[in-house]
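Labels below follow one simple rule: chain letters A, B, ... track the order of the sequence lines, proteins then strands, and each chain is numbered from 1. Only heavy atoms go into these numbers, but all of them, side chains included; no hydrogens, no water, no symmetry mates.
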Protein chains: 2
Amino acid sequence: MAVHHDMHAPVHDCADCPIRHRAVCARCETDELIKLEQIKYYRSYQAGQTLIWSGDRMDFVASVVTGIATLTQTMEDGRRQMVGLLLPSDFVGRPGRAVAAYDVTATTDLVMCCFRKKPFEELMSSTPHIAQRLLEMTLDELDAAREWMLLLGRKTAREKIASLLAIIARRDASLKLKAPKGAIVFDLPLTREEMADYLGLTLETVSRQISALRKDGIIELEGKRHVVVRNFDALMEETGDDSDGGFLV
Amino acid sequence: MAVHHDMHAPVHDCADCPIRHRAVCARCETDELIKLEQIKYYRSYQAGQTLIWSGDRMDFVASVVTGIATLTQTMEDGRRQMVGLLLPSDFVGRPGRAVAAYDVTATTDLVMCCFRKKPFEELMSSTPHIAQRLLEMTLDELDAAREWMLLLGRKTAREKIASLLAIIARRDASLKLKAPKGAIVFDLPLTREEMADYLGLTLETVSRQISALRKDGIIELEGKRHVVVRNFDALMEETGDDSDGGFLV
DNA sequence: TCCTTCGTTTGATCTGCATCAAGGCAGACC
DNA sequence: GGTCTGCCTTGATGCAGATCAAACGAAGGA
């Protein structure tokens, strides 16, 4: 998720927000931020906990401070598809909608910064640039969703796995000190089953393809979750994406 | 695509827009509409024509007046995935982005109402409710994209076909005089190949599944494109969605 | 009129991934 | 220690949908 703060650069963190969240910290010391401060509150959740069930009333909107959450849809017979991955600074909830459309689950311990919906909406209508910021974020998410549609509809299992690893690797690389000279190293934040739900596969296929990428020397594994990518270009070759930009997430 | 005009009801059509388009006609006779009128212009395209190629410079945004257009992504080896279906009143283009991310193709003869991007963006920053309107539309599209991810990742070929037919049937029913007492009747606006690109299938599978639904009495076909649905509930049964609301498109 | 083209249907076969099944490994708890 | 539980791996088998191939019908053009 490329962070766009261009319109109000430089951005810095709120006093008591460990992570700046895009929807909130347009520019500290503005009136609207003060108002946001007045209506915000924090909530913590444990790994595995489902914060919101599809169909629940939603009386707040929120942004992720630390941890990872997922959005999933479930069919009557239990088939599940993950439709969103929420990383720190991502926004959940929809102004103008009363009922949640997806299950929201914490895959790691999670801290959310919440705003009661009513005051948030009032603030939104009185301070135009919040809507513009949200629009920009939503358009980014839409691009990511469409990239994901290509993956789900047309990529092979191996390409799906490579794509997911590349996304996680890239994100981790950008979070840490930039330009990792050598190997990219990261921990998978998802179980095999969650990866399967994300990719439209079964957990067995996920496991097999990860093993295959390991055997082919594309990645190295230490334990089940810790991944080393020595040659990022080789991994990108496996994704099926054209060499350059590609993923917007 | 549920049409939301609630915030400024009643909405009526612009003098020379045959179809009201959500982003534009908030309420006629407002200042911003007059300004929009000043920067808008129409363009027509023939069926099959590609209006915009992924990577092209985009110096305008637009909304569909009549006809149908598609957004597609293509992989290097030619695999294609449709990622959006643009119906009358839908919006194309992204304020704040210079380059198109997808191919945009007219599947029928098409009329677009265009706005040069620069003035549109200026107007957007001076008239807040345009951003709010666009946000609402974009959130709808995001919901649709996520519904589509479930389809692509987890539905069977038969369920995919039934879902697509149900969406088209429902849309047509809402465009025409509402509450069709008996059968729903419509023409497929897409070729088998386009349907395949939409659904993440091959055209042969699309053809076979349509034949199967016909044999099973779920739909009737007159010619290749004309579809009769006598029992909409029976069609919905085949989609795999839970009975009630479901699709947001 | 015939011929071509394009979209489509249908058949035969192949294959990638799902499914079913068994077992391994590490951490927690007794 | 032992055993339980959650997560993961690997093997054997089956099947939905892809692929390869042929042919049909309607529209259009010579």
Side-chain angles (χ1 to χ4, degrees), chain A residues 46-49 75 77-81 105-108 151-165 187-216 219-227 238 240, chain B residues 46-49 70 75 77-81 105 107-108 151-165 187-216 219-227 238 240:
Chain A
Q46 295 180 331
Q49 201 176 351
M75 295 172 68
D77 60 6
R79 281 176 280 175
R80 280 161 52 89
Q81 177 65 50
T105 307
T107 63
T108 64
L151 178 146
L152 290 170
R154 295 303 187 191
K155 287 190 179 180
T156 65
R158 169 182 266 244
E159 287 169 342
K160 288 178 176 181
I161 296 289
S163 298
L164 179 57
L165 293 176
D187 284 306
L188 289 172
L190 304 174
T191 66
R192 300 291 186 265
E193 186 173 20
E194 287 164 337
M195 294 172 71
D197 284 342
Y198 209 148
L199 299 170
L201 298 171
T202 59
L203 68 92
E204 294 94 330
T205 297
V206 169
S207 179
R208 272 186 251 273
Q209 295 298 333
I210 289 178
S211 298
L213 288 175
R214 184 171 48 68
K215 286 205 188 77
D216 296 348
I219 60 172
E220 293 164 36
L221 275 182
E222 294 165 9
K224 315 278 188 193
R225 299 289 195 94
H226 194 75
V227 180
E238 301 291 336
Chain B
Q46 294 180 331
Q49 200 175 351
T70 63
M75 295 172 68
D77 60 5
R79 280 175 281 173
R80 281 160 52 89
Q81 177 63 51
T105 307
T107 63
T108 65
L151 178 146
L152 290 171
R154 295 302 186 193
K155 288 191 178 178
T156 65
R158 170 183 266 244
E159 287 169 341
K160 288 178 176 182
I161 296 288
S163 299
L164 180 56
L165 292 176
D187 284 307
L188 289 172
L190 303 174
T191 66
R192 300 290 186 264
E193 185 172 22
E194 287 164 337
M195 293 173 72
D197 284 342
Y198 209 149
L199 299 170
L201 298 170
T202 59
L203 69 93
E204 293 94 332
T205 298
V206 170
S207 179
R208 272 187 251 272
Q209 294 298 335
I210 289 179
S211 298
L213 288 175
R214 183 171 49 69
K215 288 205 188 78
D216 294 347
I219 60 172
E220 293 164 36
L221 274 181
E222 294 165 8
K224 316 279 187 190
R225 298 290 195 93
H226 194 73
V227 180
E238 300 291 337

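A/Arg192 is linked by a salt bridge (charged side-chain N to carboxylate O under 4.0 Å, His left out) to nothing, counting only residues two or more places apart in sequence or in another chain. Scored by the salt bridge (charged side-chain N to carboxylate O under 4.0 Å, His left out) test, B/Glu194 finds no partners at all (sequence neighbours excluded). Checked against side chain to side chain contact (heavy atoms under 4.5 Å, CB included), B/Ala47 has the following partners two or more places apart in sequence or in another chain: B/Asp109. Residues meeting the side chain to side chain contact (heavy atoms under 4.5 Å, CB included) test with A/Thr108, sequence neighbours left out: A/Ile68. Contacts of B/Thr70 classified as side-chain hydrogen bond (donor to acceptor under 3.5 Å, both in side chains), with partners at least two apart in sequence or in another chain: none. Remark: A/Glu193 pairs with no residue by the salt bridge (charged side-chain N to carboxylate O under 4.0 Å, His left out) rule, at least two apart or across chains.
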Return all side-chain donor-acceptor pairs below 3.5 angstrom for residues 204-212 of chain B, not counting sequence neighbours, or 'none' if the list is empty.
from     : atom 1 : to       : atom 2 : distance (Å)
B/Thr205 : OG1    : B/Thr202 : OG1    : 3.1
B/Ser211 : OG     : B/Ser207 : O      : 3.0

key: Sugar-phosphate or base contact per nucleotide [nucleotides 4-15 of chain C; S, B, -; heavy atom under 4.0 Å]   = ----SBBBB---
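With a cutoff of under 4.0 Å to any heavy atom of chain B, the contacted region of DNA chain D is bounded 5' to 3' by D/dG17 to D/dC20.
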request  = Decide yes or no on side-chain contact (heavy atoms from CB on, under 4.5 Å) for B/Gln81 and B/Leu152, but give the supporting numbers first.
outcome  = CA-CA 10 Å; B/Gln81 177 63 51; B/Leu152 290 171; 3.9 Å; yes
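No engagement by B/Gly48 is indicated, since no non-hydrogen atom pair under 4.0 Å with the nucleic acid exists.
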